[in-house]
Amino acid sequence: MSEEKSLNFIEEIIENDLKSGKYDQIVTRFPPEPNGYLHIGHAKSICLNFGLAEHYNGRTNLRFDDTNPEKEETEYVESIKADIKWLGFDWDQELYTSDYFEQLYQFALTLIKKGLAYVDDSTSEQIAAGKGTPTTPGVASSYRSRSIEENLQLFEQMRAGKFKDGEKVLRAKIDLAAPNMLLRDPLLYRIKHATHHRTGDQWCIYPMYDFAHGQSDSIEHITHSICTLEFVPHRPVYDWLIEKLEIFPSHQYEFARLNMTYTVMSKRKLLQLVSDKIVEGWDDPRMPTISGMRRRGYTPKSIREFSRQIGVAKRENLIDLSLLEFFVREDLNKTATRRMVVFDPVKLVITNFAEDQVEYLEGEDNPEAEQKTYRKIPFTKELYIEREDFMVDPPKKFFRLAPGKMVRLKYGYIIRCDQFKQDENGNITEIACTYFPESKSGSGDTTLKAKGTLHWVSATKNTPVTLKLYDRLFTVEDMNSAEGEYKDHLNPQSLVINNAALAEPAILEDAPGLSYQFLRKGYFIQDKEKEADGKPVFNRTVGLKDSWAKETKK
RNA sequence: UGCCCGAUAGUAUAAUGGUAGUACGACGGUUUUUGGUGCCGUUUGUCUAGGUUCGAAUCCUGGUCGGGCAACCA
């Protein structure tokens with residue numbers, strides 16, 4: 001980290017706290033609720049929390065915020081841990097808010113004994129009504145004036161399971177006229193006779209977010225508790241509880257959550273996409289989840305770089321998907337193994353090449369690599385090229401194959417198109433070419449020149465592959481302000497399957513998990529699933545930039 | 001009509017009272033056995049009205065616009 005970089009507002013706070021001696025070491029935490037899979041928005045938070053601790057020699061706890069047994073599952077715990085590790089971060093301690101249930105209960109007793117909390121028998125409707133509105137103060141329920149002894153007894157009975165769900169709650173006694181609605185006696189505990197993924201049936205009362213998060217931060221001596229903007233109005237509650245409980249003063253800081261074009265980022269909506277089977281699962285490559293992006297071929301580095309570049313601020317934002325794509329291309333360009341795959345094959349015959357001859361050409365695995373490695377590519381009389389790479393009557397700027405024109409076959413020879421065949425509908429069925437042996441790749445011969453270079457595969461020595469071409473899940477840029485239901489804007493083209501593609505044979509020998517660039521096409525990664533007949537499936541991570549496509553649109 | 005947060009190119013993000021910069025995008029050029037990559041260049045910005053000051057994106061006041069807050073969710 002030698003480069004001069006300006007600080008974001010949280011880094012400024014930390015540097016000041018370190019300089020002033022307020023803290024010797026910073027402690028952050030990443031506090032996911034295990035009720036869904038992590039998405040790219042969480043990745044921003046993970047990079048922030050873990051990155052800060054890394055940079056300032058602090059530490060970061062992973063704490064599962066599991067105070068709502070009805071929504072939380074162990075499956076989610078495991079996926080969250082795997083995603084954080086995959087992103088390249090290590091937590092100091094693995095913790096659960098449920099580990100603190102006894103401690104939190106004791107905190108609640110402390111509050112009651114101080115006359116700062118009371119058991120309320122009102123229904124949730126009555127409580128909501130009693131809170132008033134933003135412009136009118138709330139009114140106290142008759143239970144607000146219960147004695148400390150009665151509150152203590154009732155709260156113990158709540159824990160002991162004497163009451164049904166919703167019969168009673170514990171509330172803080174703060175200020176029913178506060179302009180901040182959250183200060184109007186917020187709920188601290190509710191009764192839920194539900195089985196918790198870790199504590200089982202040990203508890204039937206569960207703390208609310210407000211009574212769990214800040215206290216957990218305090219127990220762990222978190223110095224900088226970083227969360228998203230929607231918790232700003234909770235901060236006075238956070239501070240009030242810490243003050244009244246006289247515990248370690250953690251502080252909360254808020255930043256704007258990540259929004260991205262053409263996608264949704266709420267766990268509720270993502271869960272719906274999964275349960276309504278609009279996508280295949282949480283790790284569907286179209287999902288903005290970490291696991292989906294991993295399956296799609298995104299790299300941890302590209303996500304970390306993306307998080308760094310988007311910065312941290314307090315203003316609402318909507319980040320261009322193209323920025324994420326830039327970072328994954330940047331990373332993959334340096335690391336992806338090059339292979340040739342013809343997506344839409346059309347036959348090409350080299351008329352002056354021997355019938356049964358197979359010539360093995362050498363192809364660089366990656367022109368950007370410092371240590372060059374090569375693979376063999378079989379070259380034969382009959383080949384396939386991309387249908388779109390041939391035109392009978394091409395426009396001026398078309399650098400590809402056309403009658404009488406010359407192109408280079410990548411890693412091979414320059415060829416000239418002499419003839420072509422068409423069916424009755426005008427579709428090209430075969431192209432006949434002459435090749436020039438002296439133009440062989442690497443020969444250094446420069447007498448012949450070709451403007452374009454095409455990728456190709458042997459017609460006899462290739463392997464069929466399935467290609468899954470993914471695109472944005474939605475058709476609307478800003479899904480937050482899109483009219484109607486978000487499901488109205490699903491992109492019908494978000495997945496296009498190509499069953500006709502043919503790949504060079506080297507692809508069968510490659511190590512699993514390799515990132516590929518299919519030459520002139522895009523970045524791909526092999527999917528975990530194969531076709532029933534064993535045919536490999538490749539997911540498109542992102543296409544290559546295509547200035548020809550842009551040109552043709554003009 | 002209460003309280004809170006925010007407002008800098010198309011999108012993000014810097015400038016911490018002293019030359020408005022960076023990245024992505026867009027556009028153009030160049031190199032190239034990937035119409036990829038690399039390299040070079042162009043373009044567009046301080047929400048508004050006052051005030052303080054030699055000097056304001058920055059400080060103050062009013063307004064406008066955007067977001068949030070009245071879950072036994074987090």
Side-chain angles (χ1 to χ4, degrees), chain A residues 5-8 12 31-33 35 65-68 70-72 120 123-124 127-138 165-171 178-184 187-192 206 208-210 212-213 227-236 254 256 261 267-268 309-327 329-330 333-334 338 340 364 367-368 397-400 407-412 414 439 441-442 449-455 477 480-481 517-522 543-552:
Chain A
K5 211 197 159 249
S6 54
L7 304 177
N8 65 50
E12 271 181 31
E33 184 187 11
N35 67 344
D65 214 341
D66 55 351
T67 57
N68 186 357
E70 288 163 348
K71 288 186 178 170
E72 294 147 8
D120 195 333
T123 65
S124 75
I127 290 175
K131 283 196 181 182
T133 72
T135 48
T136 57
D165 287 7
E167 238 177 273
K168 288 184 167 46
V169 291
L170 184 73
R171 296 176 73 177
N180 180 346
M181 297 294 292
L182 291 163
L183 252 14
R184 322 247 262 224
L187 273 63
L188 267 22
Y189 268 91
R190 78 284 215 194
I191 300 170
K192 270 185 200 286
Y206 292 93
M208 299 286 291
Y209 168 85
D210 280 320
H213 205 101
C227 62
T228 46
L229 249 32
E230 65 266 32
F231 294 99
V232 169
H234 290 257
R235 188 172 357 111
E254 313 87 7
T261 55
K267 273 197 200 172
R268 186 183 61 82
Q309 179 61 231
I310 58 177
V312 178
K314 301 188 78 153
R315 110 181 59 137
E316 299 283 332
N317 59 76
L318 180 64
I319 310 278
D320 264 336
L321 186 63
S322 62
L323 189 63
L324 225 197
E325 291 182 340
F326 166 80
F327 282 107
R329 284 194 188 105
E330 183 186 52
N333 175 51
K334 293 190 188 102
R338 269 62 169 177
M340 294 197 291
E364 276 179 330
E368 309 287 324
K397 284 186 182 167
F398 189 77
F399 304 150
R400 308 177 186 184
V407 294
R408 175 175 290 282
L409 294 177
K410 182 73 180 175
Y411 311 120
I414 290 179
S439 68
S441 186
K449 286 202 167 52
K451 190 95 174 162
T453 301
L454 307 187
H455 62 281
E477 257 197 10
N480 285 329
S481 59
Q517 183 194 107
F518 293 165
L519 240 54
R520 304 209 297 138
K521 285 298 191 178
L544 251 29
K545 281 221 268 181
D546 190 347
S547 49
W548 172 244
K550 240 181 229 173
E551 182 72 29
T552 52

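Quick note on labels: first sequence line is chain A, next is B, and so on, each numbered from 1. Just the heavy atoms: all of them, side chains too, but no hydrogens, waters or symmetry mates, feed the values below.
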Does [X] reach a base, just sugar-phosphate, or nothing at all? Heavy atoms under 4.0 Å.
{"X": "A/Leu409", "value": "nothing"}
{"X": "A/Phe231", "value": "base"}
{"X": "A/Pro367", "value": "base"}
{"X": "A/His234", "value": "base"}
{"X": "A/Ser124", "value": "base"}
{"X": "A/Leu229", "value": "nothing"}
{"X": "A/Asn68", "value": "sugar-phosphate"}
{"X": "A/Ile310", "value": "sugar-phosphate"}
{"X": "A/Tyr206", "value": "nothing"}
{"X": "A/Arg338", "value": "base"}
{"X": "A/Lys192", "value": "sugar-phosphate"}
{"X": "A/Phe399", "value": "base"}
{"X": "A/Phe518", "value": "nothing"}
{"X": "A/Gln517", "value": "base"}

Between [N] and [X], is there an OP1 or OP2 to side-chain N/O distance shorter than 4.0 Å?
{"X": "A/Lys334", "N": "B/G38", "result": "no"}
{"X": "A/Ser6", "N": "B/U13", "result": "no"}
{"X": "A/Lys545", "N": "B/G25", "result": "yes"}
{"X": "A/Lys451", "N": "B/U32", "result": "no"}
{"X": "A/Thr67", "N": "B/A74", "result": "yes"}
{"X": "A/Arg190", "N": "B/A74", "result": "yes"}
{"X": "A/Arg184", "N": "B/C69", "result": "no"}
{"X": "A/Lys131", "N": "B/C69", "result": "no"}

Suppose you measure atom [atom1] in [N] against the same atom in [M]; what distance do you get, rounded to whole Å?
{"N": "B/G10", "M": "B/C47", "atom1": "P", "result": "12 Å"}
{"N": "B/G18", "M": "B/G25", "atom1": "P", "result": "32 Å"}
{"N": "B/U46", "M": "B/A20", "atom1": "P", "result": "13 Å"}
{"N": "B/U52", "M": "B/C60", "atom1": "P", "result": "15 Å"}
{"N": "B/U1", "M": "B/A70", "atom1": "C1'", "result": "15 Å"}
{"N": "B/U64", "M": "B/G29", "atom1": "C1'", "result": "43 Å"}
{"N": "B/G68", "M": "B/U58", "atom1": "C1'", "result": "25 Å"}

Between [atom2] on [N] and [atom1] on [X], what's the gap in Å once rounded to a whole number?
{"X": "A/Leu519", "N": "B/G36", "atom1": "CG", "atom2": "P", "value": "12 Å"}
{"X": "A/Arg329", "N": "B/U34", "atom1": "CZ", "atom2": "C1'", "value": "14 Å"}
{"X": "A/Glu325", "N": "B/G36", "atom1": "CD", "atom2": "P", "value": "16 Å"}
{"X": "A/Lys314", "N": "B/U8", "atom1": "NZ", "atom2": "C1'", "value": "18 Å"}
{"X": "A/Asp65", "N": "B/C73", "atom1": "CG", "atom2": "P", "value": "13 Å"}
{"X": "A/Glu477", "N": "B/G10", "atom1": "CD", "atom2": "P", "value": "13 Å"}
{"X": "A/Leu318", "N": "B/A7", "atom1": "CG", "atom2": "P", "value": "17 Å"}
{"X": "A/Asn333", "N": "B/U34", "atom1": "CG", "atom2": "P", "value": "12 Å"}

Among the candidates [options], find the nucleotide nearest to the side-chain atoms of [X].
{"X": "A/Met181", "options": "B/G35, B/C69, B/C24", "value": "B/C69"}
{"X": "A/Lys550", "options": "B/U13, B/G35, B/A26", "value": "B/A26"}
{"X": "A/Arg315", "options": "B/C72, B/G6, B/A74", "value": "B/G6"}
{"X": "A/Asp320", "options": "B/G6, B/G10, B/G36", "value": "B/G10"}
{"X": "A/Thr135", "options": "B/G6, B/U1, B/A71", "value": "B/U1"}
{"X": "A/Ala313", "options": "B/U13, B/C24, B/U34", "value": "B/U13"}
{"X": "A/Thr133", "options": "B/C73, B/G36, B/A70", "value": "B/A70"}
{"X": "A/Glu316", "options": "B/A23, B/G67, B/G36", "value": "B/G67"}
{"X": "A/Tyr209", "options": "B/G2, B/A74, B/U34", "value": "B/A74"}

Under 3.5 Å on both distances, the Watson-Crick or G-U partner of [N]:
{"N": "B/A7", "answer": "B/U64"}
{"N": "B/U53", "answer": "none"}
{"N": "B/G2", "answer": "B/C69"}
{"N": "B/A26", "answer": "B/U42"}

Here the pair of heavy atoms bringing A/Leu519 nearest to A/Tyr411 is CD2-OH, 3.7 Å
Do [X] side-chain atoms and [Y] backbone N/O form a donor-acceptor pair below 3.5 Å?
{"X": "A/Arg184", "Y": "A/Thr133", "answer": "yes"}
{"X": "A/Arg329", "Y": "A/Asn333", "answer": "no"}
{"X": "A/Thr453", "Y": "A/Arg408", "answer": "no"}
{"X": "A/Lys397", "Y": "A/Glu551", "answer": "no"}

Nearest 0.5 angstrom please: A/Asp65 CG to A/Glu72 CD, how far?
7.5 Å
Mind checking the NE2-CG spacing from A/His234 to A/Asn180? Nearest 0.5 Å is all I need.
8.5 Å
Please figure out whether A/Asp165 or A/Val232 has its closest RNA chain B nucleotide nearer the 5' end.
A/Val232
Determine, for A/Glu70 against A/Lys192, whether the closest basic-nitrogen to carboxylate-oxygen distance falls under 4.0 angstrom.
yes
Salt-bridge criterion met for A/Lys267 and A/Glu33 (N-O under 4.0 Å):
no
Taking the six-membered ring for Trp, does A/Trp548 stack with B/G35 (centroid gap under 5.5 Å, planes within less than 30°)?
yes
Student check: side-chain heavy atoms of A/Lys410 and A/Arg520 closer than 4.5 Å:
no
N/O donor-acceptor pair, side chain A/Glu368 with base B/G36, under 3.5 angstrom:
yes
